[in-house]
Amino acid sequence: MKKTRSRKFLTTLSLTAVMLAVMTGSVIAATYQINTLHNWGVTLDNSSGDLRNSDWIPDSLTADYVVEDNMDAQWSGDSEFKPSNYTGYHKNSQDPTWKEPKIQAKSGYWSGHWFIQPSGYYYTAESREENDIEAFYFDSDSANAYFALVVSKPIDDMGDLALDLNGDSTYEYGIVLQDHDSLTRGDVCSVTSWTEPTDFYTGPYRINGGTTIGTATVSIVDSGVSDYGSTNSVIEISVPRSALGDPSFSDLHATTSCGNDVVELENVEWEVPEFTTIAIPVGMILGLFYFYRRKRQSGGE
Ligand SMILES: [Ca+2]
Ligand SMILES: [Ca+2]
Ligand SMILES: [Ca+2]
Ligand SMILES: [Ca+2]
């Protein structure tokens, strides 16, 4: 009788431990190896001819993300310059009702007009796809913050990553994604001014003035998966929290040289998995285990 109960207890104990490991594993941000979207649990899939079959949703429960894979072959509008409907796959982890905003042209014949992002000059989806930013991810752990961008846009045209850490709508920090001016990929900068995109009012493009205060790890790889003829690059960034003063929240922004697509995440939490929430149940289980073992030993079993 006693033996059966002890086995039951030990089985329950092991099951609890396994469940706990699974639970904490998904609650704690994944430890991202910079270089692959597999760590995010995101798999690009163009087996249907575009990215609509992709698993865009990251595994980590603490990740924030926006997916705006805009293009498919169907669209409508008042001219070839102004398609009016968003197509493709859109999802914002923070807001189920979120809709990608329109952007305003800043120059040329269409100056002042509002367009969906990205817009194109021809009837083909391909001409717009080559401006497409597909997705933007954020996650954090106790040591680092992690970012990932998936882009159809040729990589040289991508701007720097802009961060607003005090919620005043000014991006006072930036991470350099491409060498430009005197800056090197991975430079973490305190920013005093930004350059703007050439064709649309879509906010900061690249760091124009500031001071380098730290270093991030930036990896850019060709995913080998294309969408409407444009290969998708994956940009992954890891930055030590300490390089940015260990913030609690941030607004994040990135756009392209012409500004014909922009991605933003607002008020994302730089979560740190709470040690105590893991330590307490683990401690309880260990305590019970030793208590039971001692009891069993003193019982002379
Ligand atoms: Ca796309
Ligand atoms: Ca897009
Ligand atoms: Ca700010
Ligand atoms: Ca966009």
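Values below: all heavy atoms of this structure, side chains included; hydrogens, waters and symmetry mates excluded. Read the numbers this way: they start at 1 and go in the same order the structure lists the ligands and their atoms. Every value quoted in this text rests on a predicted model; they were computed, and no experiment measured them.
- Classification of the Phe115-Phe200 ring pair by plane angle, with boundaries at 30° and 60°, yields perpendicular.
- The Ca ion (ligand 2) has an N, O or S atom of Asp132 under 3.0 Å away, backbone or side chain.
- Within the sub-3.0 Å shell of the Ca ion (ligand 3), the protein contributes these N/O/S atoms: Asp164 OD1, Asn166 OD1, Asp168 OD1, Thr170 O, Glu172 OE1.
- Residue side and main chain included, Val262 places an N/O/S atom under 3.0 Å of the Ca ion (ligand 4).
- Seen from the Ca ion (ligand 4), atom OE2 of Glu68 and atom OE2 of Glu100 lie 80° apart in angle, a value rounded to 10°.
- Not less than 6.0 angstrom separates the ring centroid of Phe249 from the ring centroid of Trp270.
- Asn39 places no side-chain N or O within donor-acceptor distance of the main-chain N or O of Gly41, the cut-off being under 3.5 Å.
- Metal site remark for the Ca ion (ligand 2): Ile133 contributes an N, O or S atom at a distance under 3.0 Å.
- Side-chain atoms of Ser54 do not come within 3.5 Å of backbone N or O of Leu44 as any donor-acceptor pair.
- A donor atom on one side chain and an acceptor atom on the other are found under 3.5 Å apart for Glu129 and Ser152.
- Contact check on Asp179 versus Arg185 returns no salt bridge, with no Lys/Arg side-chain nitrogen under 4.0 Å from an Asp/Glu carboxylate oxygen.
- Residue contact annotation: Asp69 places no N/O/S atom under 3.0 Å from the Ca ion (ligand 2).
- Residue Glu134 does not count as close to the Ca ion (ligand 2), with no N, O or S atom under 3.0 Å.
- The closest donor-acceptor contact from the side chain of Thr255 to the backbone of Asp261 lies under 3.5 Å.
- Asp261 has its closest N, O or S atom to the Ca ion (ligand 2) at the position named OD2.
- Lys153 places no side-chain N or O within donor-acceptor distance of the main-chain N or O of Asn232, the cut-off being under 3.5 Å.
- At distances below 3.5 Å, at least one donor-acceptor pair connects side-chain atoms of Ser140 with backbone N or O atoms of Glu271.
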